[in-house]
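In what follows, every chain begins at residue 1, and chains take the letters A, B, ... in the order their sequences are listed.
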Number of protein chains: 2
Amino acid sequence: MNIIEKTENIFEHFEKFIELSEKLKSELSQRIKPIEFKKGELVLDANHICTKSYFINKGILRTYFLKDGKEISEYFSGINEWVNSPKSFILRKKDIYYIDAIESTQAYFINVNDLVYLFDNFPEMERYARLSMGSVFGHFMERIISMRFTTAKEKYDHFRKTYSDIYHRIPLGMVASYLGITQETLSRIRAEK
Amino acid sequence: MNIIEKTENIFEHFEKFIELSEKLKSELSQRIKPIEFKKGELVLDANHICTKSYFINKGILRTYFLKDGKEISEYFSGINEWVNSPKSFILRKKDIYYIDAIESTQAYFINVNDLVYLFDNFPEMERYARLSMGSVFGHFMERIISMRFTTAKEKYDHFRKTYSDIYHRIPLGMVASYLGITQETLSRIRAEK
DNA sequence: GAATAAATTTGACCTATATCAAATAATTTA
DNA sequence: TAAATTATTTGATATAGGTCAAATTTATTC
């Protein structure tokens, strides 16, 4: 798959929510650039402001934060998803989140300034942002429900459903911290059946 | 406080995110209407599509869903906040959420069709929606963190911080289901100290 | 303002999951 | 590919918070 085809993925993603004019496509193409990360590489350090948003083409990025010196996984992002540190990116100030690459990852990125330019000049981009945030919203609400009521096993089942395409590629310890259970408990859940 | 002053609250809320032209103010005023709910009254039945978004002026609305026949509180909304059933309102289909009034409540509402008209004709409304959703997003992320790692007591402390102005007006059972702990445990937490 | 209903508290007991510790297994690096 | 590091599993024990039941307090209704 070459670079031109990859850009098509992003356009397809936009077109789930809005129509893309040729003019907007051209402006997007000029501002969206490819980038690669090696397995284990840090994509965002929480000590810096997040100025880029990444659209994943291949691989998995993980967002996490530190609690008592330990890495707590916040979410995982696979193909055809945008990743950034939301509050940091939008408010242009530091937040608690780090981002790293669980696997070697190919992505595209756009700078926050370029995005702002697009928001200012293409009202449909505002609409895209509103609508695409809405769908992420739904996932968050579902997750809040799943975190509250389920046993550790039910939480794990929900995780596998949510991340059905990539769950098996995420190390056990990261899954455990994502679910808010211990590694030992998760290991035992996996063992039975 | 009369109706005109109340509308000012909504305008102030918008103006945290965007500038309101006189034209837009006038269009908003024509579409935003007052409504009242008695204590205990059902605002939205999950068997219907949510076609209105409510901006609270006084009182508290609660969003909840049913699990095994029991009401599970999802969130509480106080003064100067919008309330609706997000997925139902945006996607125009049924969702699991009910909304009721914990206290006698004064609110304003706008119909989804009117909102769509505003989105179509005032790009700054799209921006308002994007930016205001962003701040709700932050709260969700914080809540997901708080639900995962804290003891029941820490969860309750976080709840009191999040709802510092209204937490004492919400019945214990509703708080417990919001936090995903039992009433008994919450009662014991409240008792000590 | 009794009577009734609903919400909250208190008690006794039990279970899922945490914690601590050590053994394997898998992955990385020299 | 052997050594070293890191991840996962397994075992023994402790405990926070769940469950069930009943008492008490508070709110609602006639």
For B:Tyr167 together with B:Phe76, are the ring centres under 6.0 Å from each other?
no
Tell me the interatomic distance from [X], atom [atom1], to [N], atom [atom2], rounded to whole angstroms.
{"X": "A:Ile189", "N": "D:dT10", "atom1": "CD1", "atom2": "P", "value": "14 Å"}
{"X": "A:Gln183", "N": "D:dT9", "atom1": "CD", "atom2": "P", "value": "9 Å"}
{"X": "B:Tyr156", "N": "D:dG17", "atom1": "OH", "atom2": "C1'", "value": "17 Å"}

Contact string for nucleotides 22-30 of chain D, one letter per nucleotide 5' to 3', B = base within protein heavy-atom range under 4.0 Å, S = sugar-phosphate only, - = neither, reads ------S--
Here's a test of your reading of the structure: between A:Ile170 and B:Glu184, which maps to the more 5' nucleotide of DNA chain D?
A:Ile170
If you assign B:Ile181 and A:Met174 each to the DNA chain D nucleotide with the nearest heavy atom, which residue ends up on the more 5' nucleotide?
A:Met174
Any side-chain donor paired with an acceptor under 3.5 Å for [X] and [Y]?
{"X": "A:Arg190", "Y": "A:Tyr156", "result": "yes"}
{"X": "A:His13", "Y": "A:Tyr128", "result": "yes"}
{"X": "A:Glu184", "Y": "A:Ser187", "result": "no"}

Residue list, side chain to side chain donor-acceptor pair (under 3.5 Å) with B:Glu22, at least two apart or on another chain
none
Taking only the side-chain heavy atoms of A:Arg188 (C-beta and beyond), determine which of D:dT10, D:dG17, D:dT8 contains the nearest atom.
D:dT10
Does a side-chain N-to-carboxylate-O contact under 4.0 Å join B:Asp120 and A:Arg127?
yes
Hey, are A:Arg31 and A:Glu27 close enough for a salt bridge, meaning a charged N less than 4.0 Å from a carboxylate O?
yes
If the cut-off is 4.0 Å, is A:Ser187 near the phosphate of D:dT8, judged by side-chain N/O to OP1 or OP2?
no
Taking 5' to 3' order, which nucleotide of DNA chain C is first and which is last to have an atom within less than 4.0 Å of a heavy atom in chain A?
C:dT17 to C:dT28
Test item: B:Leu28 and B:Leu20 side chains (from C-beta on) under 4.5 Å apart, heavy atoms
yes
